Amino acid sequence: MTEQPNRFDPTIPEPAWMDRWLDSGALRGDPSSGREPYVIAIPLPNVTGSLHMGHALNNTMQDVLIRWHRQAGREAEWVCGTDHAGIATQAVVEKNLAAEGIRRADLGREEFLERVWSWKEESGGQIITQQKRLGCTLDYSRERFTLDEGYARAVAEVFVHLYEKGYIYRDRYMVNWDPGLGSAVSDLEVENRTVVDELVEIAYPLTSGEGEVIVATVRVETMLGDTAVAVNPDDERYRDLIGQTVTLPLVGREIPVIADDHVDPAFGTGALKVTPAHSGDDFEIARRHGLDEVSVIGEDGRMTDLAGAYAGLTIAEAKRAVFDDLQAAGAIRTVREYSHDVPFSHRSGERIEPLLSLQWFCRMDELAGPAIEAVRSGRVRFTPERFGRVYLDWLENIRPWCVSRQLWWGHRIPVWYRGDEVHVGTEAPDGEGWERDPDVLDTWFSSALWPFATQGWPDATPELARFYPGDVLVTGRDIIFLWVARMVMMGFEFMGDIPFHDVVINPIIQAPDGRRMSKSLGTGIDPLELVDEHGADAVRFGLLLMASTQDVRFNEQRVLQGGQLVTKIWNATRLVTARGGRAGSPAPELRTVADRWIASRLADTVTAASRLIDEYDFSKLADTLYHVVFDDFCDWYLELLKAETASPDVAGYVWEQLLVLLNPVMPFVTEECFTFMPGAEGMLLTHPPAQAPWGEDPAACRAVESLIQVTSELRTFRQSRDITPRTELSVALAEAPPDLPREELAAIARVAVVDDAGDNPYTVPLVAGRILIARDAASVDVEAERARMGREIATVEAELARAEKKLANSSFVERAPAHLVTAEREKIVAHRAALTALRADLDELNATTA
RNA sequence: GGGCAGUUAGCUCAGCGGGAGAGCGCCCGCCUCACACGCGGGAGGUCACUGGUUCAAUCCCAGUACUGCCCA
């Protein structure tokens with residue numbers, strides 16, 4: 001064993017420790033070990049991604065869990081890998097190509113995909129390396145990619161199965177068309193933004209020639225595809241018109257006026273133009289009434305042939321032209337500004353174009369049933385609990401999922417066509433002339449299979465048998481619908497069981513100013529830079545401290561606090577070993593009150609830490625460990641050890657246990673320190689869990705609490721009288737708590753315990769009782785002392801008055817619990833005694849100096 | 001429009017029926033034989049507002065005002 005250096009540079013040993021953990025084989029879960037598995041599937045990062053603050057927190061939380069349970073003897077498997085991330089990855093490669101002046105279409109599908117694969121091999125998956133820097137003990141040996149061969153087989157299998165069950169179907173239906181992407185996207189990939197548009201009122205003349213109906217729209221160009229005008233059946237203004245027809249201006253089509261409850265009489269004129277092919281709401285109305293669906297806008301963002309004279313124009317051009325023509329025809333009534341919410345694509349940021357398109361959908365109702373029941377029954381539990389409600393609300397109102405995407409990078413839909421024939425299967429059909437569906441599946445379709453596809457499904461592998469279901473999912477609330485709910489649904493459908501029993505929602509860490517942390521806003525903070533600066537342990541600790549049940553602003557001070565703990569751990573190790581503390585020994589004998597106290601504190605901490613892990617309260621866990629190290633172990637126990645009122649073997653034993661407890665949170669410094677403890681064997685990574693075989697010792701705790709209280713009072717006394725810490729005070733403890741450990745007090749507070757504090761001593765009141773300090777009359781500043789005593793007396797008088805007032809309230813005495821009433825009575829006795837003593841002191845002071 | 005959070009010390013956050021806590025910052029002492037990246041002492045809060053329940057409310061209930069997020 002080498003000697004422990006004076007100072008610790010956290011960044012130096014980190015890579016070495018990661019290598020040792022990897023070499024140990026302990027990160028690879030062994031399905032044949034016979035131990036109870038503990039499995040976490042990581043929220044798979046995009047292969048294009050790099051580690052941001054959200055990942056850093058999320059991954060640290062998981063690493064704490066996996067390390068804790070690994071120490072506890074569970075067969076730990078933390079599933080590792082990346083997502084092919086269809087849109088994001090394709091976009092990166094397209095951007096690189098654009099720099100060379102090449103477009104995707106120039107290359108063709110095959111060659112483009114080759115480029116994507118080679119990009120993936122060279123530049124993808126950087127995040128895996130970054131996870132190692134954070135100290136994450138993922139099973140890197142089983143790293144998976146959602147587009148690797150086995151995974152692709154699972155995806156095709158799932159598609160075919162769902163198709164055969166009738167859940168997956170192809171339909172021409174209203175979709176969210178993302179013009180920037182040139183693809184449909186799901187409802188979940190759309191966000192509403194408030195925009196100001198021009199609301200135009202257009203007059204549609206009644207075909208009968210008697211009057212007109214005025215409709216309002218922000219999408220003038222879509223009037224070319226109108227197939228009805230709808231009014232509310234209860235709207236008096238239009239009651240007579242229902243059943244009549246109007247003639248569509250510019251187009252000349254005769255379209256009916258229909259009644260539908262969905263129409264809001266208060267909006268616009270109360271008459272709604274119905275464009276089934278280009279509005280979700282209108283589409284619903286049209287399906288209810290069997291109206292024609294006329295698509296006037298195509299997937300290329302241009303007007304179709306059905307738009308007649310406007311065919312080929314872009315949407316913007318058509319908008320202008322139609323408006324001008326309506327104006328010329330005298331059909332425009334009013335134009336005004338109108339603020340409303342419209343959908344935008346999460347992906348491209350462009351305004352969504354709702355249109356009819358032939359796509360693959362998955363019906364979700366049946367799949368949702370068991371997933372709803374799992375959470376309702378508590379088999380799957382959310383932390384914080386309220387997110388279970390969010391999950392249920394969505395599943396209870398679930399709609400079909402558009403699973404096809406018009407991209408190249410992804411799982412190609414396993415469907416082949418030949419004329420009117422359709423073949424759905426994991427393999428291409430026999431025979432000539434079959435063409436495969438060009439579309440790929442929504443990336444979330446494949447990530448929904450993550451918990452079992454990573455274990456070899458559909459093959460019956462040993463891993464699948466042991467590592468499914470997993471235990472915990474730790475993730476962000478933004479993907480409760482996109483991912484969590486779908487994993488539960490797919491888990492039931494294909495494994496017949498839940499994928500995990502706990503879902504822990506990690507908070508979102510905002511920028512220090514409260515804005516979102518984002519690269520584009522320039523508000524991002526790179527966790528790896530923090531690791532460079534402060535070390536991974538400090539960053540992990542700081543993030544955990546920030547991890548409450550609500551969103552928090554990033555606070556670098558928490559990372560600094562982690563850095564302080566790292567230093568403290570380092571130095572405490574030096575002291576413990578210098579005093580002869582060892583690791584690897586059996587539980588030692590407790591010889592002193594200090595020993596009994598720290599043993600009790602350890603027992604308490606082991607219990608608390610275990611409970612906090614079970615409750616996923618990482619912030620409290622970090623805080624608890626911080627305070628037991630700083631306050632209990634270093635501030636008091638090590639001081640008592642230096643004063644030789646505690647035992648080195650106990651110090652060594654307790655410190656080893658504390659290092660074990662701290663290890664899941666701060667793996668690097670604890671492993672490093674452990675190596676400097678004589679007798680230490682192996683790594684903390686696989687060390688047995690912390691033990692405190694003595695249980696709690698309330699008597700020792702009370703004694704040390706008295707010691708701490710009296711010591712603190714004496715320190716305050718010194719400070720207020722400008723008495724240096726080195727000056728020994730003579731203190732009479734006659735009225736101090738009887739269990740106050742005197743030898744310890746003498747050593748730690750630098751006092752001489754005397755029987756008689758002489759004439760006219762200082763009185764220091766305690767919570768219960770008081771101590772007397774001998775006075776050196778020569779050093780007294782009489783005026784200052786008189787003032788201090790006056791303040792002291794006033795404080796105690798106020799306390800006394802408060803207690804008396806409480807007891808004077810008969811309702812309190814009658815209704816409050818007896819122990820509280822008793823406590824107040826005892827306070828009165830103590831306060832009166834203290835007052836008597838203080839007043840006597842003051843009289844004495846006045847008398848001797850008069 | 002519906003829902004969910006939040007409003008506590010200068011800052012970031014805990015606490016959640018019986019006398020307000022932490023870390024940092026601030027002020028004052030200490031180079032005390034592990035640590036000055038340290039130790040000790042201290043100042044600093046009508047716990048957003050208004051009502052209600054209770055012997056007792058920062059904590060429970062109702063409402064108001066802001067702030068953030070989700071769904072439509």
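What you see is a predicted model; the values in this text were computed from it and never measured. Below, chain A is the first sequence line, B the second, and so on; all start at residue 1.
- Residues passing the side-chain hydrogen bond (donor to acceptor under 3.5 Å, both in side chains) test with D478(A): none are found, sequence neighbours excluded.
- Atom CG in D635(A) sits roughly 13 Å away from atom C1' in rG41(B) (whole-Å rounding).
- Spacing of P atoms, rA43(B) relative to rC28(B), comes out at 15 Å, to the nearest Å.
- On the P atoms, rG29(B) is 39 Å away from rC16(B), given to the nearest whole Å.
- Here D551(A) pairs with R477(A) in a salt bridge; the nearest charged N to carboxylate O distance falls below 4.0 Å.
- Interface remark: the Q719(A) side chain does form a donor-acceptor pair with the rC28(B) base, using a distance-only criterion of under 3.5 Å.
- Legend: side-chain hydrogen bond (donor to acceptor under 3.5 Å, both in side chains) pairs involving residues 789-798 of chain A, not counting sequence neighbours, sorted by first then second residue: E797(A)-R839(A).
- Distance noted for atom P between rG6(B) and rA62(B): 14 Å (whole Å).
- Nucleotides rC13(B) and rU8(B) place their C1' atoms 10 Å apart, quoted to the nearest Å.
- Ion pairing of R193(A) with D341(A) is absent here, as no side-chain N (NZ or NE/NH1/NH2) approaches a carboxylate O to less than 4.0 Å.
- Of the candidate nucleotides rA34(B), rA14(B), rG23(B), rA14(B) has the atom nearest to the side chain of K620(A).
- Comparing rG23(B), rC4(B), rG41(B) by their nearest atom to the side chain of R386(A) picks out rC4(B).
- The side chain to side chain contact (heavy atoms under 4.5 Å, CB included) test applied to K642(A) returns L575(A), R579(A), E639(A), not counting sequence neighbours.
- Checked against the 6.0 Å centroid threshold, F630(A) and Y626(A) count as a close aromatic pair.
- Between the S279(A) side chain and the D282(A) main chain, a donor and an acceptor come within less than 3.5 Å of each other.
- One interatomic measurement links the two molecules: CZ of R718(A) to C1' of rG40(B), which rounds to 11 Å at whole-angstrom precision.
- Under the 6.0 Å cut-off for aromatic ring centres, Y173(A) and F283(A) qualify, their centroids lying closer than that.
- Residue S548(A) places at least one side-chain N or O closer than 4.0 Å to OP1 or OP2 of rA14(B).
- Rounded to a whole angstrom, the distance from the C1' atom of rU12(B) to that of rU7(B) is 14 Å.
- Every side-chain hydrogen bond (donor to acceptor under 3.5 Å, both in side chains) that D197(A) has, sequence neighbours left out, goes to H340(A), R351(A).
- For Q557(A) and C634(A), each mapped to the nucleotide of RNA chain B holding its nearest heavy atom, the one lying further toward the 5' end belongs to Q557(A).
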With the criterion being N/O to N/O and under 3.5 Å, what pairs connect the protein with nucleotides 65-72 of chain B, and how long is each?
from, atom 1, to, atom 2, distance (Å)
rC69(B), O2', R477(A), NH1, 3.1
rA72(B), N6, D341(A), OD2, 3.0

Bracket string, RNA chain B, 5' to 3' - pairs by Watson-Crick or G-U geometry under 3.5 Å, | interstrand: ((((((((.[[[[.)..(..]]]].(((((.......))))).....[[[[[..)....]]]]]))))))).

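- Residue E191(A) is classed as having no contact, given no heavy-atom separation below 4.0 Å to the nucleic acid.
- L565(A) has its CG atom 18 Å from the P atom of rC35(B), to the nearest Å.
- One can place CD of E814(A) at 15 Å from C1' of rU54(B), the figure rounded to the nearest angstrom.
- At least one side-chain nitrogen or oxygen of T716(A) sits closer than 4.0 Å to the OP1 or OP2 atom of rG42(B).
- For rA34(B), neither phosphate oxygen OP1 nor OP2 lies less than 4.0 angstrom from any side-chain nitrogen or oxygen of Q4(A).
- Between Q564(A) and rC24(B), a side-chain N or O to OP1/OP2 separation shorter than 4.0 Å is present.
- No more than 12 heavy-atom neighbours from other residues, nucleotides or ligands sit within 6.0 angstrom of CZ on R399(A).
- Between rC47(B) and rG17(B), the two C1' atoms lie 14 Å apart (nearest whole Å).
- At the heavy-atom level, P817(A) lies under 4.0 Å from base atoms of the strands shown.
- Considering I828(A), V829(A), L835(A) as possible partners of R832(A), the one that fulfils the side chain to side chain contact (heavy atoms under 4.5 Å, CB included) test is I828(A).
- Taking atom C1' in both rA20(B) and rA65(B), the straight-line distance is 25 Å, to the nearest Å.
- Side-chain atoms of K642(A) come within donor-acceptor range of the base of rA34(B), with a qualifying N/O pair under 3.5 Å.
- Between N571(A) atom CG and rC39(B) atom P the separation is 10 Å, expressed in whole Å.
- Among the atoms of the strands shown, only primed sugar atoms or phosphate atoms (P, OP1, OP2) are found under 4.0 Å from some heavy atom of F630(A).
- Across the protein-nucleic acid pair, K568(A) atom NZ and rA36(B) atom C1' stand 11 Å apart, rounded to whole Å.
- Rounded to whole angstrom, the span from the CG atom of L714(A) across to the C1' atom of rG41(B) amounts to 13 Å.
- Nucleic acid contact for E799(A): base, since at least one base atom lies under 4.0 Å from a heavy atom of the residue.
- Atom C1' of nucleotide rA22(B) and atom CG of D631(A) are separated by 10 Å, given to the nearest angstrom.
- The residue among K827(A) and F812(A) whose nearest nucleotide of RNA chain B lies closer to the 5′ end is K827(A).
- Base engagement by A816(A) is indicated by at least one non-hydrogen atom pair under 4.0 Å involving a base atom.
- Note on R7(A): a base of the nucleic acid sits closer than 4.0 angstrom, heavy atoms only.
- Here the separation of rC49(B) from rU58(B), taken at their P atoms, is 10 Å to the nearest Å.
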Steps toward ring pair (Phe, Tyr, Trp, His ring centres under 6.0 Å) verdict (W570(A), F676(A)): CA-CA 10 Å; W570(A) 182 259; F676(A) 293 112; 5.7 Å; yes

